[in-house]
Amino acid sequence: MADNAYNHAKIEKKWQQRWVKEGTFTTPELPGAKKSYVLDMFPYPSGEGLHVGHPKGYIATDVFSRMQRMQGYDVLHPMGWDAFGLPAENYAIKNKVHPRVAVEKNIARFKEQLQNIGFSYDWNREINTTDPEYYKWTQWIFLQLYKKGLAYESFEPINWCPSCQTGLANEDVEQGKCERCGSVVEKRPMRQWALKITEYAEKMLAGLEGLPWPKSIIESQKNWIGKSEGTQIGFPVEFKKEGAKPGLIPVFTTRPDTLFGCTYFVLSPEHLWVQLAIDDTHDVLENKDEVRRYVMQAAKKTEIDRTDATKEKTGVKLGGVWAVNPATGEKIPMYVADYVLAHYGTGAIMAVPAHDERDFEFAKKYELPIKNVVDDRGVLIDSGEFTGINAEEAKKKITEKFGKTTTNYKLRDWVFSRQRYWGEPIPIIHCEEDGIVPVPEDQLPVVLPEVEHYEPAGTGESPLALIIDWVNTTCPKCGKPAKRETNTMPQWAGSSWYYLRYIDPKNTQALVSAEKEKAWMPVNVYVGGAEHATRHLIYARFWHIFLYELGLVSTPEPFMHLENVGLILAEDGRKMSKRFGNVVNPDDIVASVGADTLRIYEMFMGPFNQTVAWSTASMSGPRKFIERLWRLAQASIGQEHDDSEAVLFAINKAIKKVTEDTAAFRFNTAISTMMECLNVFEKERIISRKSLENFILLISPYAPHVCEELWEQLGHADGISQASWPIADEQYLEEQNIIIPVQVNGKVRAEIAVTRDAMQADVEKMAMAQENVTKFIDGKEVRKIIYVPNKLLNIVC
RNA sequence: GCCCGGGUGGCGGAAUGGUAUACGCGAAGGACUUAAAAUCCUUUGCCAGCAAUGGCUUGCGGGUUCGAGUCCCGCCUCGGGCACCA
């Protein structure tokens, strides 16, 4: 027996080596009749290595993949590295190494940590977004976007992180701060590349319908896209100054029914009309200097100050000019105020202080008239011909007469350039003669050049701008000297299509072979953190829909089923972080209790998508579970034994429940079912070979190493992953002798043993024979008896 | 403010409208041992009781139902997303 003690270190190493040697998890190029693409959001190989929270999602997909393979699926289950971007670059700068060197080292560490946990990844398909053979295609997709007019140079003020020294996309800003480093973001007018994601707002919204994703992610995306239907109404503008030509400024409103209550008009400081009115060539404003000062002040404010609703609203009245309420014909004052956002709607609003809190606040401060036009029943008052109509109806009628319906989105175009070194160079050449010229596709990839210093240039330009040899090139069109684009792409570029690369990782001729793409896509199950709801998952869907329209992919959506992995907190309830010194390294856990225990523990902690705190003490349960399985197997192997009814019921119930729960990502209940099953087995001391084999098969996706070992001990030459997944035998699932509760008025008073599908009359007779039942009925009239066959009996009196 | 998701023992949590507290951790007692570890057995929601048993209990207050953790209405509270978005 001593020789046969469970030695996790020895067993786990043995099987991990064998899987590699035998290529156990090599995926076929093309799947057979049943395919499944099971994908993890690939990690960012940071310098800190993995902590025990990272593998949770990977364990889940691994368990799922292993079960599906045994169920006869060809499973594509790959892993790779999202290695471009700021963290790698900042790490490299801090540690004074080249980002490439740092990334290589980090990847090696990550990979070793992952392999220690025994994942069934097909490492032949490993990808790395910083590999020129990979980012060649990232650049290629950019060129396709450019060709379709979806990539463009823009000069509008963008979010600028003063610490990271780069522009940021809207999605990279959280509450006015850089999502990476927490610095307060500034507005900076600068040249940049942007992608017209806004053109896909409607398609991305439509694609969400019926997608089997968590509700919260769908809601987040809808929120982010922020569709809002309303009305555009033009307001005439007139001047005091003789000879100045009147104009028309459109506003967007979702409350056209309140048009008669519009008592003033507001433009955002960035509004083109304002910008023109304060420039030197125009002379219509009586207080031009004052307005100019206000506009400049507003421009200096950070995004936080600009959008803080609690701050007192400010504005300046425009002198010598007024707007006309098209409904009432009244002249109303015009203001410039920074509570009106430039980038939403038309950047101008019709202010209705009676029915809008912000307008009300502003009107109070500047003593503007407040005119109520909708009463408390929602019926229009004081609104000319529309008086007496209810608001919903009035919205339509007023829109018909004074404006037109329009749709607005909160979504803004994707600022796609970064002024940093460690990213894909944007494949564009600037020629004095021909302007913007895309790099010809046969010249891709535009390789990131070697540099001495990869720190930001400090000028708001990428460090690539300093490499004169690289910047200077010739125009592909006219052959004259020209300059390369020196901005790089954001971190999200490479991850927006990586799932396609796994399908065809070595392809040098095309993004992905059409045959393979059609065979493997879409991703069947995609697992990752909920924090990607409005970044990666938005960008990837955008690119995918675009590629679908080009006919390069066969499905309109890339990811079918999506599961969010819940965070693992440290034992102290805080996030695991080097800073708090509370990080648990999976290597240590694997060394002390084994990968199988770690895997079962992480799946058993609680519902998969829920945040839970790590507990080293709680790992003893899963560890003991494996040891008990081991001992039961040692006792049972080689013995002849007939199982009791209880054992047959337990194992078949487990087969059914574990199969269902694993498929539905309810790993915690799958494991508790297996524990219950083992508890039943142990009462018998030994079990039949058949039941033992079924049980080992069931656990094998969760604890593959120990199950391989036991499978081998049972005399199987082939590995357990080649075995077939067990199917429950229904005949054992129907217990013949059942104990049901007897209730009196809904309270349990007794339990009686009945045979399966016993007649109600017989059950009633037995119930009435129970002293504790009659005691509670005594003296009362039985009014009703509810009998749920094989479940319960309830006597009402 | 708006939109999602939660609130169940000492702890993590389980429960198609049908015995609430499965499974695991922790704790207490016992067996084995010179002793410890490991293992095994027993107990473990709260209150009363020697016990049989009874009463109470799923954030709070109502409701529907023979029966509610689960469904409906109104609150409280925690977590997450969005937010001067007109």
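Here, B:C56 and B:G69 have their C1' atoms 16 Å apart, quoted to the whole Å.
Relative to the side chain of A:K410, the nucleotides B:C84, B:A86, B:C82 differ in distance, and B:C82 lies closest.
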Show each protein N/O and nucleotides 68-70 of chain B N/O combination with a separation under 3.5 Å, one pair to a line.
none

Between the protein and nucleotides 41-44 of chain B, which nitrogen or oxygen pairs are less than 3.5 angstrom apart?
none

Can you tabulate the close N/O pairs, meaning under 3.5 Å, that link protein atoms to atoms of nucleotides 2-8 of chain B?
from	atom 1	to	atom 2	distance (Å)
B:C3	O2'	A:E219	OE1	3.1
B:G5	OP1	A:K215	NZ	2.9

Restricting both atoms to N or O, compile the protein contacts to nucleotides 62-66 of chain B shorter than 3.5 Å, with distance only.
from	atom 1	to	atom 2	distance (Å)
B:C66	OP1	A:K784	NZ	3.3
B:C66	O2	A:N794	ND2	2.6

Scan nucleotides 54-56 of chain B against the protein and return all N/O pairs shorter than 3.5 Å with their distances rounded to 0.1 Å.
from	atom 1	to	atom 2	distance (Å)
B:G54	OP1	A:N772	ND2	3.1
B:G55	OP1	A:R749	NH2	3.3
B:G55	OP2	A:R749	NH1	3.1

Under 3.5 Å, N/O pairs linking protein and nucleotides 23-27 of chain B:
from	atom 1	to	atom 2	distance (Å)
B:G24	OP1	A:N679	ND2	3.4
B:C25	OP1	A:K624	NZ	3.2

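Using a 4.0 Å heavy-atom criterion, one finds that A:E751 contacts the bases of the nucleic acid, with or without backbone contacts as well. Backbone-only engagement by A:N668 is indicated by non-hydrogen atom pairs under 4.0 Å involving sugar-phosphate atoms exclusively.
Salt bridge annotation for A:E660-A:K657: absent, with no cationic side-chain nitrogen under 4.0 angstrom from a carboxylate oxygen. A salt bridge is absent between A:R180 and A:D172; no separation between the charged side-chain nitrogens and carboxylate oxygens falls under 4.0 Å.
For A:K56, the side chain to side chain contact (heavy atoms under 4.5 Å, CB included) partners at least two apart in sequence or on another chain are A:V565, A:I568, A:E602, A:M603, A:F608, A:V612. With sequence neighbours left out, the side chain to side chain contact (heavy atoms under 4.5 Å, CB included) criterion links A:E312 to A:K365. Legend: residues meeting side chain to side chain contact (heavy atoms under 4.5 Å, CB included) with A:L272, ordered by chain and number and at least two apart, are A:L276. Partners of A:K396 under the side chain to side chain donor-acceptor pair (under 3.5 Å) rule, at least two apart in sequence or in another chain, do not exist in this structure.
Sorted by first then second residue, the salt bridge (charged side-chain N to carboxylate O under 4.0 Å, His left out) pairs that include residues 779-790 of chain A, not counting sequence neighbours, number zero.
Here A:F604 and A:F625 keep their ring centres 6.0 angstrom or further from each other.
The separation between A:I568 atom CD1 and B:G13 atom P is 12 Å, rounded to whole Å.
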Subject >> Pair assignment for RNA chain B - dot-bracket with | for other-strand partners, Watson-Crick or G-U under 3.5 Å >> reply: (((((((..(((.....[....)))((((((.......))))))((((....))))..(((((..]....))))))))))))....
